[in-house]
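Values reported hereafter were calculated over all heavy atoms of this structure, with side chains retained and with hydrogens, waters and symmetry mates removed.
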2 protein chains.
Amino acid sequence: MARTPAPGTRRRIMLVASRLFRDHGVRAVGMQQVIDETGLGKSLLYREFPSKDELVAAWLRESDEEWWRIAEDAIDRHTGDPVRRLFALVELTAESARSPGFHGCVFYNTSLEFRDDDHPGRREALAHLRRMRDRLRVLGMEAGAERPDDLADALMLVIGGLYVSAAALGPDGPARVAVSTAETLIREHCPVPAAAGA
Amino acid sequence: MARTPAPGTRRRIMLVASRLFRDHGVRAVGMQQVIDETGLGKSLLYREFPSKDELVAAWLRESDEEWWRIAEDAIDRHTGDPVRRLFALVELTAESARSPGFHGCVFYNTSLEFRDDDHPGRREALAHLRRMRDRLRVLGMEAGAERPDDLADALMLVIGGLYVSAAALGPDGPARVAVSTAETLIREHCPVPAAAGA
DNA sequence: CTGGTCCGGGACCGACCGGTCCAAAAAGCG
DNA sequence: CGCTTTTTGGACCGGTCGGTCCCGGACCAG
């Protein structure tokens, strides 16, 4: 008998593919390149992922899961302060955009690379973006925003703008005011809880 | 002798290339496709544009020029009202993002497709984005913003977010609050000119 | 008509694309 | 050891990429 169909294989592929897709974009990376950099065989990759499209989709699915693991953790560090919980999500994106070789949000980027709604990668990307929007809306509601939908969408704009402008013009571009801009918008949308005095 | 090296040729190529690149992205469009849809010969295209990279760069250069023609015109429709002049630029981008097959800002998109700083297309794209930032800063200054740089960058975020989110989630996504968000930010940054009374 | 210019577009180039197949090597097991 | 299973990685498939070359026809001036 045989077993051990190599447990770490899938993770190894995903690690390499993730780095390549993130740094260079999906269309700019060939499957041969992924294979070469994993050191694995071609058949092994195509057994794990039946096609490039599926690899892309799986990559975004895992990226989404990882994002929410990190994000919910960051949010949970501010239990009891609903405004800061909302704010944490913006801070997290701003922080990620400050990393050296940053080239934008993989979800936005992939949705732009594949404009056919049937593409599995695009579908995963859009699903993530909708989840972001929803999460912001709920957090905005809990923060007491008068119009949580509007606040969530406004923050989505700031976050999206932060991503693309940091990718294009770097962290010293418009991205530098992202956090303070979000702060302004949150304050505008949330009635002051009469902090200490009034 | 000979002449008439076909005067409208360049424009015809540019028209087709522009539509294809805008709608499908640069990497998704082959030169053969451009040639086929122009109805022109292969040799003619490569005489006018020595390579695809140069065609892309020329496309963005012309798109930039066209943008500023339209934008300055929109701005000039509000002479004497510096706040509305600033606002006009945001309204214009919001309007363009509402067109049916909208797939984002060609400058942001192309800069994301080509991440090598030596790529001529990327260079043109980034140059345009810097011009946007500068123009917003000057308009912000003229509108009496306390910190024109910060206002310009905040508006860049809103505009960038508007583009990507409209491309991904459509005009009913976060893009719908772009104009009102920009309004909020402009008001926040510009000391009220004591409208009528005070 | 003749001579010359311009142009459409197919042949072709080497390279790479995503993907399939398979032979040989490697690794696990008794 | 030998047997089985896994794995490697190259050969190969048809197709497309950007780009070059060039043939034949259209066009025009004389």
Salt bridge flag under 4.0 Å for residues R133(B) and D153(B): yes

Length of the CZ-C1' vector between F114(B) and dG18(D), whole Å: 12 Å

Salt bridge flag under 4.0 Å for residues D73(A) and R77(A): yes

Are any of the side-chain nitrogens in D64(B) or R61(B) under 4.0 Å away from the carboxylate oxygens of its partner? no

In short, ring-ring contact (aromatic ring centres under 6.0 Å, His included) pairs touching residues 11-32 of chain A with sequence neighbours left out are F21(A)-W59(A)

For the pair E91(A) and R84(A), find out whether any cationic side-chain nitrogen is under 4.0 Å from an anionic carboxylate oxygen. yes

Spacing of H119(A) atom NE2 relative to dG18(C) atom P, expressed in whole Å: 11 Å

Measure from the side-chain heavy atoms of K42(B) and tell me the nearest of dT7(D), dG10(C), dG19(C). dG10(C)

Quick one: label V29(A) by what it contacts on the DNA or RNA (base, sugar-phosphate, nothing), any heavy atom closer than 4.0 Å. sugar-phosphate

When the distance from CD of Q32(A) to P of dA11(D) is rounded to whole Å, what number comes out? 12 Å

Return the residues of residues 50-60 of chain A meeting this criterion: a heavy atom under 4.0 Å from some atom of DNA chain D. Order them by number, or give none. none

Counting heavy atoms from C-beta on, name the nucleotide in dG19(C), dT20(D), dG8(C) closest to the side chain of L40(B). dG8(C)

Whole angstroms only, please: what is the CG-P distance between L45(A) and dG19(C)? 10 Å

Between Q33(A) (CD) and dC16(C) (P), how many Å, whole number? 11 Å

Any salt bridge linking R27(A) with E113(A)? Criterion: basic side-chain nitrogen under 4.0 Å from a carboxylate oxygen. no

When rounded to whole Å, the CG to C1' distance for the pair D36(A) and dC16(C) reads 13 Å

Nearest listed nucleotide, side chain of M31(B), among dG18(C), dG19(D), dT8(D): dG19(D)

Under 4.0 Å from OP1 or OP2 of dC17(C): is there any side-chain N or O of R27(A) that close? no

Checking side-chain polar atoms at under 3.5 Å, does H103(A) have a donor or acceptor matched by the opposite partner on N109(A)? no

Among the nucleotides dG9(C), dG9(D), dT7(D), which one has an atom lying closest to any side-chain atom of S43(A)? dG9(D)

